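Comments concern the structure below.
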Amino acid sequence: MKYNFDEITERRGTHSVKWDWAKADILPMWVADMDFKTAPEVVQAISEKVSHGIFGYGTIPENFHQSVIDWWETNHHFTIEKEWLLPATGVLPSLSAIIRTFVKPDENIILQTPVYNHFFTILENYGCHIVCNDLKYEAGNYTIDFDDLEKKASDPKTRLLLLCNPHNPVGKVWTREDLEKVADICTQNNVMVVSDEIHSDLIFNNRQHIPFISIAQHYELQSVTCGSPCKTFNFSGLPISYLISRDKNILEQTRKMLELQENSYPNPIAMEALIAAYTKGHEWMAELKDYLYQNFIFLKNFCGEHLPEIKVIPLEATYLVWLDCRSFGKTSDELSKILLMEGKVWLNSGTMYGENGEGFMRINIGCPRQLLTEGLERLKKALKE
């Protein structure tokens with residue numbers, strides 16, 4: 001391999017959130033970033049930008065749009081037009097702006113739980129009603145409950161579905177058939193679809209990410225897709241994103257809301273990071289994906305040998321693995337506390353992602369194999385001794 005993903009850096013000790021726990025000898029395997037240095041091509045681009053020494057106002061570089069267009073064409077086999085793109089300062093601010101623009105506080109938004117915890121935060125902060133379309137869990141596999149989705153979407157007060165594509169935390173890649181059913185139901189019920197596709201690059205085993213916009217274009221449906229290189233290339237501290245929609249009205253109204261939130265202009269250094277990642281980062285990403293999936297196989301084999309009580313949910317995407325720990329007979333919060341206090345390892349409690357996350361835990365495997373091994377040994381010690 002050209003890149004060294006086994007290198008243990010000081011990154012964990014410099015992360016402001018993780019640092020307090022690192023001082024307590026607690027291994028953090030929770031928050032959704034990785035313990036790998038980003039691609040050296042990205043570091044070089046940032047260094048060159050910083051070396052100019054001038055950090056004033058600027059404009060969106062022309063190659064910003066083209067780099068996004070080329071990336072999606074190469075990796076997701078979908079052609080984006082320049083006018084479909086709106087640069088933004090991160091996926092979460094973008095989601096917030098879309099929701100505040102197109103949903104009234106007394107209207108409903110559908111979440112497909114268990115789902116990314118900050119979706120709840122955005123909706124609760126705005127004061128709109130959360131309606132849960134719980135995913136069905138059978139034989140270690142998650143699927144969309146379309147009958148329930150149709151029922152929830154048919155409520156006249158339901159305005160929007162917040163789709164996680166691919167899905168965090170269950171690591172699911174939605175198929176074309178899945179997304180067509182979603183589009184059909186939402187079209188029939190005049191429900192807007194906002195698709196968070198921040199994990200769309202990290203897909204395994206020859207599966208293919210299907211951009212929701214590629215489905216929505218065949219329906220009379222309001223939709224917008226949110227993308228970003230931050231998860232793929234591990235520079236979430238330099239937030240950068242973009243919205244994709246064929247509806248100019250959606251982009252223009254969202255842009256105005258971002259301006260009202262004083263959050264409309266991306267950081268110039270972050271823009272350079274995106275351009276470098278999307279134009280020069282293909283090889284780095286390919287090696288990262290291979291390393292991550294080997295980490296998953298290592299975790300799965302470890303649990304099979306030492307912790308058979310844990311059912312490891314198949315990982316189709318992301319570096320976040322969903323663990324079914326219900327056989328221990330404890331709540332997710334109880335398990336999280338035991339791991340933290342007894343094993344000195346921090347995992348996410350499943351109930352962070354909705355009530356149907358009870359009994360589950362989420363573990364981050366985006367780290368050198370040595371750290372993953374240490375974390376799993378701590379997990380075993382806490383649960384077995």
Side-chain angles (χ1 to χ4, degrees), residues 30-32 91-92 95-96 98-99 103 107-155 157-175 178-179 181-183 185-186 189 191-200 212 223 226 231 311-318 320-326 330-336 347-364:
W30 60 287
V31 73
V91 169
L92 289 179
L95 294 177
S96 177
I98 295 166
I99 289 164
V103 181
E107 292 180 318
N108 300 338
I109 293 182
I110 298 174
L111 298 183
Q112 295 175 312
T113 50
V115 75
Y116 178 45
N117 55 300
H118 282 287
F119 284 3
F120 293 97
T121 304
I122 292 172
L123 305 190
E124 288 166 356
N125 287 343
Y126 184 46
C128 50
H129 299 154
I130 298 172
V131 176
C132 293
N133 169 224
D134 291 345
L135 300 179
K136 293 193 293 187
Y137 177 65
E138 296 175 343
N141 184 48
Y142 280 91
T143 56
I144 297 173
D145 186 337
F146 290 105
D147 290 336
D148 182 68
L149 176 60
E150 189 164 15
K151 178 181 178 181
K152 302 291 174 58
S154 66
D155 186 332
K157 291 179 70 68
T158 298
R159 179 69 187 94
L160 185 147
L161 165 65
L162 189 47
L163 180 70
C164 200
N165 178 37
H167 197 89
N168 169 21
V170 306
K172 182 77 175 182
V173 175
W174 300 123
T175 66
D178 290 330
L179 298 178
K181 289 181 180 178
V182 168
I185 290 170
C186 290
N189 292 282
V191 172
M192 183 179 186
V193 179
V194 179
S195 184
D196 176 357
E197 303 190 5
I198 197 169
H199 288 285
S200 60
F212 188 76
S223 77
C226 300
K231 294 297 183 186
K311 294 180 181 178
V312 180
I313 307 307
L315 187 67
E316 299 178 357
T318 83
L320 305 163
V321 182
W322 194 235
L323 305 176
D324 183 348
C325 302
R326 293 176 298 172
K330 299 183 183 298
T331 68
S332 293
D333 287 346
E334 287 171 340
L335 284 171
S336 181
L347 274 62
N348 286 116
S349 170
T351 50
M352 289 179 62
Y353 310 100
E355 292 181 3
N356 60 337
E358 184 61 88
F360 292 78
M361 303 290 289
R362 193 188 77 170
I363 185 171
N364 183 338

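Only a predicted model underlies this, so the values are computations on that prediction, with no experimental measurement involved. In this chain, residues are counted from 1 in sequence order.
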Output for pair (Ser195 OG, Leu179 CG), nearest 0.5 Å, gives 7.5 Å
### Query
Do any N or O atoms from the side chain of Lys152 and from the backbone of Thr158 form a donor-acceptor pair under 3.5 angstrom?
no
| field | Side chain proximity check, Trp30 to Leu347, heavy atoms < 4.5 angstrom | value | no
ask   = Do Thr113 and Phe120 have side chains that get closer than 4.5 Å, going by heavy atoms?
value = yes
Discussion item. Can you confirm whether the side chains of Tyr142 and Trp322 place a donor and an acceptor under 3.5 Å from each other?
Written reply: yes
To the nearest 0.5 Å, atom CG of Asn168 lies from atom NE2 of His199 at 4.5 Å
Would you say Ser349's side chain and Met352's backbone share a donor-acceptor pair under 3.5 angstrom? no
Problem - Check: Lys172/Asn141 side-chain N/O donor and acceptor closer than 3.5 Å - result: yes
Contacts of Tyr137 meeting side chain to side chain donor-acceptor pair (under 3.5 Å) (sequence neighbours excluded), chain-then-number -> Asp324
Show, in sequence, the C-alpha distance, side-chain angles and deciding distance for Asp134 and Asp145, and conclude whether the side-chain contact (heavy atoms from CB on, under 4.5 Å) test is met.
CA-CA 7 Å; Asp134 291 345; Asp145 186 337; over 6 Å; no
Glu197 (side chain) donor-acceptor with Phe212 (main chain) under 3.5 angstrom: yes
Could you please spell out the steps behind the side-chain contact (heavy atoms from CB on, under 4.5 Å) verdict for Val182 and Trp174?
-> CA-CA 10 Å; Val182 168; Trp174 300 123; over 6 Å; no
Distance col, row Lys181:NZ vs Cys186:SG, nearest 0.5 angstrom, shows 14.0 Å
Taken to the nearest 0.5 Å, the spacing of His167 NE2 from Glu316 CD works out to 12.0 Å
### Query
Quick one: does Leu335's side chain get under 4.5 Å of Met361's, heavy atoms only?
yes
Leu161 and Val194, any side-chain heavy atoms less than 4.5 Å apart
no
Q) Does the side chain of Val170 reach to within under 4.5 Å of the side chain of Pro114, using non-hydrogen atoms? A) yes
Here the gap from Leu123 atom CG to Leu95 atom CG, rounded to the nearest 0.5 Å, amounts to 9.0 Å
>> Closer than 3.5 angstrom, by distance alone: can the side chain of Asp155 be matched with the main-chain N or O of Lys157 as a donor-acceptor pair?
In response: yes
Gln112 and Leu149, any side-chain heavy atoms less than 4.5 Å apart:
yes
query: After noting the C-alpha distance and the side-chain angles of Cys128 and Leu160, does the key distance pass the side-chain contact (heavy atoms from CB on, under 4.5 Å) rule?
result: CA-CA 11 Å; Cys128 50; Leu160 185 147; over 6 Å; no
Closest heavy-atom pair, Ala153 versus Asn189, reported as atoms and distance to 0.1 Å, is O-CB, 3.3 Å
Shortest non-hydrogen pair, Val91 vs Cys226, comes out as CG1-CB, 4.1 Å
For Ile313 and Gly140, the nearest pair of non-hydrogen atoms, with its separation, is CG2-O, 3.8 Å
The side chain to side chain donor-acceptor pair (under 3.5 Å) partners of His129 (sequence neighbours excluded) come to Asn108
Problem - Any donor-acceptor pair under 3.5 Å from Tyr353 side chain to Arg362 backbone - result: no
In terms of heavy-atom contacts, Ile99 and Leu162 come closest through CD1-CD2, 4.4 Å
Kindly indicate whether the side chain of Asp196, heavy atoms from C-beta on, has any atom under 4.5 Å from the side chain of Phe119.
yes
| task | State, yes or no, whether a side-chain contact exists between Leu111 and Tyr116 at a heavy-atom distance under 4.5 Å. | result | no
Can you see whether Ser336 engages Asp333 through a side-chain donor-acceptor pair at a distance of less than 3.5 angstrom? no
Glu358 side chain to Ser332 backbone, donor-acceptor under 3.5 Å
yes
One should read off an interatomic distance between Leu163 CG and Ile144 CD1, to the nearest 0.5 angstrom, of 7.0 Å
